[in-house]
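Order of appearance sets the numbers: ligands from 1, and atoms from 1 within every ligand. No hydrogens, no waters, no symmetry mates; every other heavy atom, side chains included, goes into these values. The shown structure was predicted, so the numbers you read here are calculated from the model rather than taken from an experiment.
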Amino acid sequence: MEKLSVRLGDRSYKIIIKPGIIEDIGSFVKPVLEDNKVMIVTDENVNMVYGQTTKKSLDQQGIETYLGVVSPGESSKTLSVAEHLLEECLNKGLKRTSTIIALGGGVVGDLAGFVAATYMRGINYVQIPTTLLAQVDSSIGGKVAVNLTQAKNIVGTFYQPKLVLIDPNTLSSLPEREFRAGMSEVIKYGVIRDEEFFHWLEKNIDHLKDIRNLIYIIKKSCQIKARIVERDEEDRGIRAILNFGHTIGHALEAAGRYSVFKHGEAVAIGQVMESKIACNRGLITQDVVDRIDNLLKKAGLETEIPESFKEEILKNMKNDKKSTVDSNYFVLPIILGKVDLFPVSMREIRENIF
Ligand code: GLY
């Protein structure tokens with residue numbers, strides 16, 4: 001069992017990584033409960049595999065447990081689904097002292113966290129992420145949100161969980177494509193913060209499914225993210241470095257109407273494009289770009305923008321809320337393991353994309 005802490009004063013919490021923890025979730029959750037009522041928020045797919053196991057383990061601890069099941073996918077991250085869950089909380093008699101459990105991937109985590117943040121002006125919640133992306137990124141740091149039709153994650157807040165429980169065994173039932181998409185964020189941590197970790201990934205990329213390696217990459221990623229969140233909980237400074245690969249990545253996701261590329265897939269392409277921009281500016285050598293490119297490819301990810309998306313990406317970048325009149329802010333590597341923020345003009349972006 002691995003235990004990490006996110007130190008945020010009275011909002012501090014533990015991250016526990018343990019294969020098989022889902023089967024005994026009740027005994028890990030019980031110590032953070034303030035009363036006896038819990039609502040598990042999950043989606044239909046995760047519910048089929050882990051819903052009953054989780055509920056049974058909580059029941060065995062004498063915890064009164066309800067299930068709030070939503071449809072899988074981004075379409076559930078809306079105000080109306082949140083409203084339905086809030087009504088469920090009220091109907092089942094959840095109080096200010098009750099707890100919500102987010103059991104699932106990034107969508108469930110963001111949605112359940114949003115419900116927890118708003119029900120009775122905020123109740124406790126626990127994250128049980130079941131995808132690699134959620135285990136290494138979205139379950140940590142308290143970003144909770146729902147989408148509006150016009151924009152993703154536009155309604156939300158920062159609201160930290162009381163506990164994050166990670167069961168690496170859940171990754172064995174994860175579709176391969178989802179695993180690869182999560183690896184994009186894992187590799188990103190090496191590029192932005194830890195050259196040694198990047199090197200370790202290069203050496204072990206073909207053996208990541210070995211449980212010891214899985215635990216290691218989850219732990220390392222959580223550690224890196226936790227240290228950044230501790231310094232900048234509300235994303236006003238250094239937390240921006242987590243967005244390496246995301247400026248182009250977000251534009252690409254939008255160009256694909258959020259159905260062509262998974263978030264991690266778009267971020268993989270973004271990481272290579274943004275490394276190329278850094279290289280053409282003389283910040284890093286071609287060798288660094290090649291290492292990032294090769295590692296992402298070995299993880300099974302595409303690293304080039306498909307031709308048909310290029311113009312649309314440029315158009316999206318012009319509309320990006322982080323762009324000034326003619327430039328966007330990019331997180332660019334300055335050596336392997338370190339990044340900084342730079343304004344990049346539309347001309348420079350165009351030159352690197354085409
Ligand atoms: N996923 C980026 C962040 O949590 O800030």
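- Within ligand 1, counting atoms from 1 as listed, the ones closer than 4.0 Å to a heavy atom of L242 are 3 (C), 5 (O).
- Below 3.5 Å of separation, one finds an N or O of K143 facing an N or O of ligand 1.
- Residue contact annotation: K225 has a non-hydrogen atom under 4.0 Å from ligand 1.
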Discussion item. Applying salt bridge (Lys or Arg N to Asp or Glu O under 4.0 Å) to D206 and K298, what does each step give before you reach the verdict?
Written reply: CA-CA 8 Å; D206 295 328; K298 280 198 177 144; over 6 Å; no
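- In the vicinity of D137, heavy-atom distances shorter than 4.0 Å reach the ligand 1 atoms 1 (N).
- Ring geometry for F261 against F309 counts as perpendicular: the plane angle is over 60°, on a 0 to 90° scale with 30° as the lower cut.
- Using a 30° and 60° split on the angle between ring planes, H246 and H250 fall in the perpendicular class, above 60°.
- Shown here are the side chain to side chain contact (heavy atoms under 4.5 Å, CB included) partners of L133, two or more places apart in sequence or in another chain: T131, E185, H263.
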